[in-house]
Every structure is written in C-alpha cells, then in structure tokens.
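Inspection log for the structure reproduced underneath, given as structure tokens.
Naming: A, B, ... by sequence-line order, numbering from 1 per chain.
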Amino acid sequence: MSRVLKQSFYRRDTKVVACELLGKMLCRRLPSGRIIRGRITETEAYDGFEDRASHSHKGPTSRNVVMFGSPGCAYIYLCYGVHWMLNFTTRESGYPAAVLVRAVEGVDGPGRTTRHFKINGKQNQQVLSRVKGLWVEDDGLNLTSSLILRAPRVGVAYAGAKWAAKPWRFIWPLSR
DNA sequence: TGCGCGATTCTC
DNA sequence: AGAATCGCGCAT
C-alpha cells in the first residue's frame, strides 16, 4: 500500500530528508493523465544560510524564494540555460533549504531526471503533499541504511573547499 | 543596461 | 575538450 509523503516528512532536517527520500517513488501526472513513476536513487542536501553551495546562502531572491517558504514544495530552476533542476523544500517556513533530486532508477543525472518526467518551471512551487502533478510515494520498500553511500555534492567547487567537501550527497547504489 | 557564470549534458 | 543556452545576481 503506497502512501503519499506528507508535509511533515519534509519539515525535518534536510540531510535526513535527503537520505530518507532514497527508495521513495517520484510520481508525475502528465497533462494527458498518464502517470510516470521512478524510484529515487540519488539526492543532495542544500541547507540554510551558511551553506555557500546553496542558492539560499545569498538570501531570498526572485529565483530561490521558494526555498524560504513552506516545506514540501517543488523548487525548480533552470541550470546552464538548458536543464531543469528538481528540488524539494525542507525545514520550517523561513529556513531556506531543499533537496536536489539527482537520479531515479534508470535515469542518472538531475537534468535527465526532469527531462524524463517532463518537469519544467511550470511545476515550480507546486505542493507535493497532494496528488496533483507532482508527488512522492512511500511504497513500503525499506532500505538498509548501511547500504546508502555518502559523497560530496557535485558541481559546487565555487562554494569553497569547506562546503564543497561536505558529504551531503546520498546514493543508493544497489539500484544501478 | 551589461556581464560573468552556473546544483549539466551532449557531441566532437 | 568545447558547445549549448539563458536567467540570475551583482556591478555599472
């Protein structure tokens, strides 16, 4: 029996949410009504004002304002003018944080994942706790936490050595 | 109003 | 190794 993740799932420590999202099902209903699902296999945490790798580090702007709002919302932005990045907001309102969805089973890479699910800026700020266009389900799969790998985040060298080295990337390797 | 660059991916 | 491609963030 699958259940849709509630807002309370997201209103927690960002790294815990990033880790626990592994094994959950990313779900997308297309305008045609067709539903696409994929098991999340890789995430990254971007947390708070101090994290120099996070968009939230510079304070609220028109792009990142979703990170400062309610947990359990989609934060979607265009990267390199080409790829849409899918994030889920975490923590309480006012605390800027989000989890980047880097991969689902069989689809490796954040830009490829959004392309696969036909996700773009139209889904930005969408609430995830209701079954509309975008949500996440727990279908009962129980991952053994010892099998989860941690690694530095990708593409954040600009943040400086201290923040680039944080092992805030979470990988479920058995799915590969 | 302009400029540098990015939580990337594809091709050469 | 280099291109694609454009909006954001900050400096003028």
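- In this structure a side-chain-to-backbone donor-acceptor pair under 3.5 Å is present from A/Thr89 to A/Cys73.
- Close to B/dA7, at under 4.0 Å from its OP1 or OP2, lies a side-chain N or O of A/His55.
- The shortest distance between the side-chain N/O atoms of A/Arg115 and the OP1/OP2 oxygens of B/dC10 is below 4.0 Å.
- The side chain of A/Tyr80 has B/dT8 as its nearest neighbour among B/dT9, C/dC10, B/dT8.
- The cationic atom of A/Arg63 (NZ for Lys, CZ for Arg) lies less than 6.0 Å from the six-membered ring centre of A/Tyr77 and within 45° of the ring axis.
- Between the side chains of A/Tyr95 and A/Asp47, at least one donor N or O sits under 3.5 Å from an acceptor N or O.
- A close approach under 4.0 Å does not occur between any side-chain nitrogen or oxygen of A/Thr61 and OP1 or OP2 of C/dC8.
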ask   = Pairs counted as Watson-Crick or G-U wobble with both distances under 3.5 Å: what dot-bracket string results for DNA chain B, using | for bases tied to another strand?
value = ||||||.||||.

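- Relative to the ring axis of A/Tyr10, A/Arg12 does not place its NZ or CZ within 45° and under 6.0 Å from the centre.
- At whole-Å resolution of the value, NZ in A/Lys58 and C1' in C/dA11 are 13 Å apart.
- Protein atom NE2 of A/His57 is 13 Å distant from nucleotide atom P of B/dA7, rounded to whole Å.
- Out of B/dC10, B/dT8, B/dA7, the shortest distance to the side chain of A/His83 is found at B/dT8.
- A donor-acceptor contact under 3.5 Å is formed by the side chain of A/Tyr77 with the base of B/dA7.
- Within the 4.0 angstrom heavy-atom criterion, no nucleotide atom of any strand lies near A/Arg153.
- Atom CG in A/Leu100 sits roughly 14 Å away from atom C1' in B/dT9 (whole-Å rounding).
- Taking the ring centre of A/Phe170 as origin, the terminal cationic atom of A/Arg150 falls outside the region bounded by 6.0 Å and 45° from the ring axis.
- Side chain of A/Gln123 to backbone of A/Asn120: a donor-acceptor contact under 3.5 angstrom is found.
- Across the protein-nucleic acid pair, A/Arg52 atom CZ and B/dA7 atom C1' stand 16 Å apart, rounded to whole Å.
- A/Val82 comes within 4.0 angstrom of a base, heavy atoms only.
- Under 4.0 Å is where a charged nitrogen must lie from a carboxylate oxygen, and between A/Arg169 and A/Glu42 at least one such pair does.
- Dashed line: the shortest gap from a side-chain N or O of A/Arg112 to OP1 or OP2 of B/dT9 is not under 4.0 Å.
- Rounded to a whole Å, the CD1 atom of A/Ile119 is 16 Å from the P atom of B/dT8.
- Regarding A/Leu86, its CG atom lies at a distance of 13 Å from the P atom of B/dT9, rounded to whole Å.
- Atom CH2 of A/Trp84 is separated from atom P of B/dG6 by 19 Å (rounded to the nearest Å).
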